[in-house]
Amino acid sequence: MFHNLEKQVEAAFRERVRARYGIDAEITIEQPKQASFGEIALPVAFQLAKELKQAPRKIAADLLAGAAPIPGIAAMEVAGNGYINVRFDRAAYASSLLAGQTAPLPKQDGKIIVEHTNINPNKAAHIGHLRNAVLGDTFVRMLRALGHPVEVQNYIDNTGVQVADVVAGFHYLGHKTPAEVAELIATPAGDNSRFDYLCWDLYARTSQHYKDNPESLSWRAATLHAIEAGEGELAELAHIVADAIVNAHLATMLRLNIQYDVLPRESEILHLKFWSAAFELLKERKAIYFETEGRNAGCWVMPSSAFRAEGDENEDSKVIVRSNGTVTYVGKDIAYQLWKFGLLGKDFFYRPLLRYTDGHEVWVSVDEPQPRPAPAFGKGAAVYNVIDVRQSYLQDVVVAGLRALGFEREAEKSIHFSYEMVALSPRCCVELGIELSEEDARRPYVEVSGRKGLGVKADDLMDRLVETALNEVASRHPEDNAAAQRAIATEIAMGALRYFLLKFTRNTVIAFDFQEALSFEGETGPYVQYAAVRARNIFRKLEERGESEPEYATELTAEAFSRQLGAGVGHVSPEAAGSAKGHGDAPANPANKDEFWQILLAASKADSAVERAVTAGEPAHVARYAFQLAQSFNNFYHQYPILAESDREKKTFLLWMTRFFADQLERTLAILGIAVPAYM
RNA sequence: GCGCCCGUAGCUCAGUUGGAUAGAGCGUCUGGCUACGAACCAGAAGGUCGGGUGUUCGAAUCACUCCGGGCGCACCA
């Protein structure tokens, strides 16, 4: 709604500037610094000042003089040195909100592929992985809210070094047969022997063993070889381990309400010869060449000119195919990226992996035809790869690959949705009993390392959050049964976690700290949830009193809105107040009308907030908006008793405000993937 | 060495792409539960936006430079 008016104002001024000055200017729209300045501010006069060689104030005045009225706009005035401030017709605005006149979402076409999570299936997920998944999932929800068809992919590197290391650990260090490992998965030995946790420790142990006994690195080579050949006990182990860990990851992420559409696996990239297809293409179009000299002799490489910025003096080219003929990770990634755009001329086969309780199915790639037809995966119009910023260099190489193949448009639509890492704060390390080297102790934070087993496991953190929330719930609602309390506590805990991971902008390093993450007060998920719960409570109480929600549409006429919100004109501008104090014949609206208006206005901006956040690629903007909205509501809630209001019209109005607020807040929370608990 | 990111209140962070008097949360201090339950609200203190130079009507935001911190730059993924 807000957005509609914004666009109308923009169009009107663009036309006005063209008519008046013959200039086709970009009209920028701002939110005024102060609410009393109106709803929209236009600095257009400043932009034109130089070109026209006139004072901004004069230009602004000229633009307003004799301008046609804009529907929905009550007043426009020149302010400051040349700002044009625009005030909405409040009653008209509220009426259209009531009528639900949100712009029908233009059907967006072109499927957007978002790839996120991508955890190596060799150990339990940690907080760094959570940031990836929550960021990715929230971005998906944002895109879907704007009407985009989205496909969520979670790439599984089930044939890589990390899986091999755990397999080697089981085989060589633990002397376990595939049957024994399968048994471990099926029937864990005790409380602390979840398979993914067990692998977490084994991975760290194996890595340490390699470090202490470099000669045993031959285990890794042997395992990788076996996996690639797809034969023998080691290969079997790899499948068992990776499949079990993938299931564990899916379960972990489901706790946060994160789902996927398809899991493309590296094993199928290999078996279905995706790479050979890409290799032929790369050779044919001369995107890579065979190096005959230097240290990369015998390799197929991509020249540095393809992916380095101009002026970058680092001229190392990137190896795509090793001298022993095997393909590097980047090579496989280029093939995968080509497939995502439907440019490879090949596709996976798929089988359903699991069905979520809501009926949605996740599919996984397989290497042979299947009886059940699968949805059409891949062939995206745009691709977002949610990967941390440390992989920027490799992502650049992948995009350069597309470009070198002549897929300019697809290269343009390949977006590295990067984010900074989650590290551990010094205090967090102390709490975890991690001994830091002197060097690390001086750092502002310590990097998480799966190889060292250094990190906070995702499920441990979630468990702790649930327990903390449960304490609160149990003390506030001792009357409810334990199971219900836990269900509520879980929703609160997950809301807290998602919000915590989302409130930082993408390129901020999160120095993880338990105290901050476990907080339920202030700028947190539970704060926002609480506002939504309070709004719902009002309607519950209303019902308990035997009253029903009014017929807003019939009771709240434009005149009623006008009485409750004020007109939107008649503000005393700061300078008018200064120069003509006491002479103003149009008194300002009473404070509470302005306040209602500000709250309503803020609540109506949910769509704009999401749109802005998508454009900026910044889910944190939506999180922040939700928090601000909750803040306004809490303030409103505290200041104006609603059910006790004696004036009929005002009560109806306040109830409608609450309803509108609740709807907008809940919609925004849904986009953040945060539930609204039944009580708090 | 080269490239990218960061430096804003005691702490953790925003700052709508160059706009009006720089904003939140936490922490500290003060006040508010017999209202729709205080996981809340109101108020106060707290800033040379790392330093400098420049660009222009206008800079936390852009350019250059210096200082401090982080991350990349594998025939690992």
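Proteins come first, then strands; the chains are lettered A, B, ... in the order of their sequence lines, and each starts at number 1. None of these values were measured; they are calculated from a predicted model.
A sub-4.0 Å separation between OP1 or OP2 of B/C11 and a side-chain N or O of A/Arg427 is absent. A/Thr508 has a side-chain polar atom (N or O) that falls below the 4.0 Å cut-off from OP1 or OP2 of B/A14. The phosphate of B/G27 has neither OP1 nor OP2 within less than 4.0 Å of any side-chain N or O from A/Gln515. In this model, the phosphate group of B/C41 is approached by a side-chain N or O of A/Tyr527 to a distance below 4.0 Å at OP1 or OP2. OP1 and OP2 of B/C36 both lie 4.0 Å or more from every side-chain N or O belonging to A/Asn537. Contact annotation: A/Tyr530 reaches the phosphate of B/A39 (side-chain N/O to OP1 or OP2, under 4.0 Å). Between B/C41 and A/Asn635, no contact under 4.0 Å exists linking OP1 or OP2 to a side-chain N or O. A sub-4.0 Å separation between OP1 or OP2 of B/G70 and a side-chain N or O of A/Arg443 is present. Contact annotation: A/Lys541 does not reach the phosphate of B/C36 (side-chain N/O to OP1 or OP2, under 4.0 Å).
Distance, A/Glu523 CD to B/G27 P: 14 Å, rounded to whole Å. Atoms CE (A/Met680) and C1' (B/G37) sit 12 Å apart, rounded to a whole Å. Atom CD1 of A/Ile538 and atom C1' of B/A35 are 11 Å apart (whole Å). Between the CZ atom of A/Arg390 and the C1' atom of B/G70 there is a distance of 11 Å, given to the nearest Å.
Between B/C5 and B/A9, the distance separating the two C1' atoms is 23 Å to the nearest Å.
For B/G3, the paired base is B/C71 (Watson-Crick or G-U wobble, both distances below 3.5 Å). B/A45 is unpaired under the criterion used here, namely a Watson-Crick or G-U wobble arrangement in which both key atom distances are under 3.5 Å.
Put simply, the side chain of A/Tyr625 gets close to the backbone of A/Ala602: a donor and an acceptor are under 3.5 Å apart. Within the 3.5 Å criterion, the main-chain N or O of A/Leu518 finds no donor-acceptor partner in the side chain of A/Arg464.
Ring geometry, A/Trp275 versus A/Phe279: the interplanar angle falls under 30°, so the pair is classed parallel (tilted spans 30 to 60°).
Taking the centre and axis of the six-membered ring of A/Phe539, the NZ or CZ atom of A/Arg659 falls inside the cone set by 45° and 6.0 Å.
Taking only distance into account, the side chain of A/Gln34 meets the base of B/U21 through a donor-acceptor pair shorter than 3.5 Å. Not a single donor-acceptor pair, N or O on each side, falls under 3.5 Å between the base of B/A77 and the side chain of A/Asn122.
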